[in-house]
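Here the structure comes first, spelled out in structure tokens, and everything after it is commentary.
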Amino acid sequence: MATGRTHRPATRSRGIPEATVARLPLYLRALTALSERSVPTVSSEELAAAAGVNSAKLRKDFSYLGSYGTRGVGYDVEYLVYQISRELGLTQDWPVVIVGIGNLGAALANYGGFASRGFRVAALIDADPTMAGKPVAGIAVQHTDELEKIIDDNGVSIGVIATPAGAAQQVCDRLVAAGITSILNFAPTVLSVPDGVDVRKVDLSIELQILAFHEQRKAGEEAAAEAAAVAQVPRESGKGPDGDVPAVMPA
Ligand SMILES: NC(=O)c1ccc[n+]([C@@H]2O[C@H](COP(=O)([O-])OP(=O)(O)OC[C@H]3O[C@@H](n4cnc5c(N)ncnc54)[C@H](O)[C@@H]3O)[C@@H](O)[C@H]2O)c1
């Protein structure tokens, strides 16, 4: 779902390509599901299918982690969960702030999947003074006046922007000035950030537009197939649809 842009080279410092990094969460999600079912080992084919990735690509990706599996047995699920979590930096707790606590920000704050993956929502921040002190997902919303202090006090390095597009750059600038080096941006705008700051952008409407494109193409292909089928219907020479009336009168 994420359409991302980062300010990092295509290959990370430890030699893991960015495309592999982008697939690690897919493997981790599939492996976590296996782990929850107490499945001890998994073959590259099974895991690739569960993650929606080609199995040769999976084996190549895992070779960057130094994980080659055992022939005839496959990969040890628990160990792979640990390896990928460690590679993604998920073996430590990441405090996150969400800025803009409207419909989306509140939904994100309520999403239990962050905490279970090591992302602790440390603070919720909004510019609306009437929201200050109101609890959302059990956390009192704080006013943007306190943004810098909140980030400093909580050692936050990841910020989530869920404000209207018009406010996003200004919020981004304040987050970066306060020491944030990773931003997840939900606002439909392109953010400018200095080198060393990673931005990932999530835009569900872009995903829907891509689906609309494919739907349109499928509809076009169906229409073309129908037209081709109609064109191929054998006709008796000189007869109309009823078989007795000429479709086209001779000139
Ligand atoms: N990426 C996606 O898939 C996706 C999906 C839905 C919405 N959005 C986007 O997310 C954003 C929020 O949508 P919403 O429906 O929650 O809007 P909303 O109007 O319900 O909430 C916006 C919140 O941001 C606060 N805000 C405004 N300016 C601020 C500032 N400078 N600092 C801090 N807080 C500020 C407002 O007080 C409000 O509480 C919009 O930009 C919207 O387009 C993205």
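In listed order, ligands and their atoms are each counted from 1. Bear in mind the structure is a predicted one, so any value in this text is a computation, not a measurement.
Nearest-residue assignment for atom 40 (C) of ligand 1 (options Leu104, Thr163, Val141; heavy-atom criterion): Thr163. Compare Pro164, Pro188, Pro129, Gly100 by their heavy atoms: the one nearest to atom 22 (C) of ligand 1 is in Pro164. Here atom 34 (N) of ligand 1 lies nearest to Ala127 when heavy atoms of Ala127, Gly102, Gly105, Ala162 are compared.
Between Gln92 and Trp94, some side-chain heavy-atom pair lies under the 4.5 Å cut-off.
The number of heavy-atom neighbours closer than 6.0 Å to CZ of Arg120, taken from other residues, nucleotides and ligands shown, is above 12.
Less than 4.0 angstrom separates some heavy atom of Ala165 from each of these atoms of ligand 1: 41 (O). Of all atoms in ligand 1, numbered sequentially from 1 with element shown, those under 4.0 Å from a heavy atom of Val99 are 33 (C). Those atoms of ligand 1 that come under 4.0 Å of a heavy atom in Asp128, given as number and element, are 37 (O). Short contacts between ligand 1 and Thr144, defined as distances under 4.0 Å to a heavy atom of the residue, involve ligand atoms 32 (N), 33 (C). Every atom of ligand 1 with a heavy atom of Ala187 under 4.0 Å away is listed here by number and element: 41 (O). When each atom of ligand 1 is checked for a heavy atom of Val202 under 4.0 Å away, the hits are 1 (N), 2 (C). Of all the atoms in ligand 1, the ones that sit under 4.0 Å from a non-hydrogen atom of Val171 are 30 (C), 31 (N), 32 (N).
Here's the thing with Asn103: one of its N/O atoms is less than 3.5 angstrom from an N/O atom of ligand 1.
Among all heavy-atom pairs drawn from Ala187 and Ala165, the shortest one is CB-CA, 4.0 Å.
Contact annotation for atom 43 (O) of ligand 1: protein present (non-hydrogen atoms, distance under 4.0 Å). Protein non-hydrogen atoms do not reach within 4.0 Å of atom 19 (O) of ligand 1.
Looking at Leu204 against ligand 1, both its backbone and its side chain come within 4.0 Å, counting heavy atoms.
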Check against side chain to side chain contact (heavy atoms under 4.5 Å, CB included), Ile180 and Ile158 = CA-CA 6 Å; Ile180 292 279; Ile158 301 178; 5.8 Å; no
